[in-house]
Amino acid sequence: MIRAVFLCHTAAPSGAELAVLRLVTALRRSGAVDASVLLTADGPLADLLRAREIPVTVHRNGFDSRSLTVAGSGPARLITGALELARLGAGLGETLRAGRADVVVAQSTKTLLMGAVATRRAGIPLVWQVHDRIGADYFGAVLAFGLRVLGWTVARGLVANSRATLRTLYTRGRVAAVAYPGIEDTGPVVRAPQRDPGAVRIVMAGRLTRWKGHDVLFRALALLRYRPAAVVLVGGTHFGEEGYRAELEERARELGSVVEFAGHTEDPASYFADADIAVHCSVLPEPFGQVVVEAMRAGCAVVAAGAGGPTEIVRPEVDGLLTAPGDPVALAEALDRLIADPALRTRLGAAARERAGEFGIATTADGVAGVLDRVTRGRAVPAR
Ligand code: GLC
């Protein structure tokens, strides 16, 4: 059995980390991969892993990953940050050797760098599981180029969370695959029928961070002909985004009392089951968009931003609607259309439930196990 170590630099329960939690659970269940998690920060993810009896090691260190951000760091900080990450990676190499790991799966750009040093020390291959589009719009042109080259150089395998993400990588001569982050089967969702136009509940789930586009939703709400009964924002602030939340609360007050803040939850399913419409409106192309699948699974009528992952999930007019990212007028039109027409919502919601069934975590685990198998096969057993 392949011993795979999944490496994460943050234990915040944000989208990518929850995807790892589900994946590692499914890999262990499949019996093909002995998956464990190595974290370089303690936090909620560690507890969630322990609750599922997944082996987790927290490698304590003085590095504050939040101090190194794409938007907030100048070139000097990026270079010293990179050196710190490399030093941290050297220490991890020993842990990998001791744990007799066969392969490391890096879960972020920071762990890509750490993992490169660590796997070199341990003499084992590195796989980069990519949750972000490595594009200039997100990272800036120079860093995006650097990360693509780094990934291609140090990783033997690349796993992307969508075709859109895969297209942003250099893959020549590497084992590369798309593995959509699947959701867990928690049994049939019980939901109420779609409500009348005057009673509609809208939910938007996502981290409270600017690129998720709450602003677009707020601007759309101000344009609506039909007033929804409630708009619930589900999502927390994990990476120093408290100021953004305060800003959103101020905007919500201006809009009147319809907007509610539900905060962070590991499982937004109950919010979706209680909502008629789910909105996704990221202004940058969403790498995948697990919340879109979760909303569909709960039978919501979904309107998502038509770029990146959601275009691979939603089939417009069949199981949801897509609108141009960053366009509040288009979003308002789609919402008015949905609010006014419960029959349309019912039809889209029913098809959405079917569609969501195609994004199961077992399929994700199969895809990832295939990549791990290929990168470790025929490899000389390293001296332990
Ligand atoms: C990141 C991406 C999101 C994706 C998740 C899981 O959070 O922003 O689109 O669904 O990773 O891969």
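We count ligands from 1, going down the list as the structure has it; atoms in each ligand are counted the same way.
For atom 1 (C) of ligand 1, the nearest protein heavy atom (residue, atom name, distance) is His131 O, 3.5 Å.
Residue contacts with ligand 1, taken as heavy atom pairs separated by less than 4.0 Å, involve Pro287 via backbone and side-chain atoms alike.
Remark: among candidates Glu286, Gln290, Lys212, Gln107, the nearest residue to atom 9 (O) of ligand 1 is Glu286, based on non-hydrogen atoms. Considering each of Val159, Val20, Leu18, Asn161, the one bringing a non-hydrogen atom nearest atom 4 (C) of ligand 1 is Asn161.
Of the N or O atoms in Asp132, none lie within a sub-3.5 Å distance of an N or O in ligand 1. On a distance-only criterion, Pro181 and ligand 1 share no N/O pair closer than 3.5 Å. Among the atoms of Gly289, some N or O lies under 3.5 angstrom from an N or O of ligand 1.
Cation-pi geometry between Arg174 and Trp152 is met: the NZ or CZ atom falls under 6.0 Å from the ring centre, inside 45° of the normal. In this structure, Arg148 satisfies the cation-pi test against Tyr170, with its NZ or CZ atom closer than 6.0 Å to the six-membered ring centre and inside 45 degrees of the ring normal.
Once rounded to the nearest 0.5 Å, the distance linking CG of Asn161 with OH of Tyr180 reads 9.5 Å. Put simply, CG on Leu208 and CD on Glu241 are 7.5 Å apart, with the number rounded to the nearest 0.5 Å. Annotation: the span from His214 atom NE2 to Lys212 atom NZ amounts to 9.0 Å, rounded to 0.5 Å.
At least one heavy atom of Trp211 sits closer than 4.0 Å to an atom of ligand 1.
For the pair Asp276 (side chain) and Val200 (backbone), a donor-acceptor distance under 3.5 Å is absent.
Ring pair Phe359/Phe288 is tilted by interplanar angle, where 30° to 60° counts as tilted.
Applying the 4.0 Å criterion to heavy atoms of Ala16 picks out, from ligand 1, the atoms 7 (O), 11 (O).
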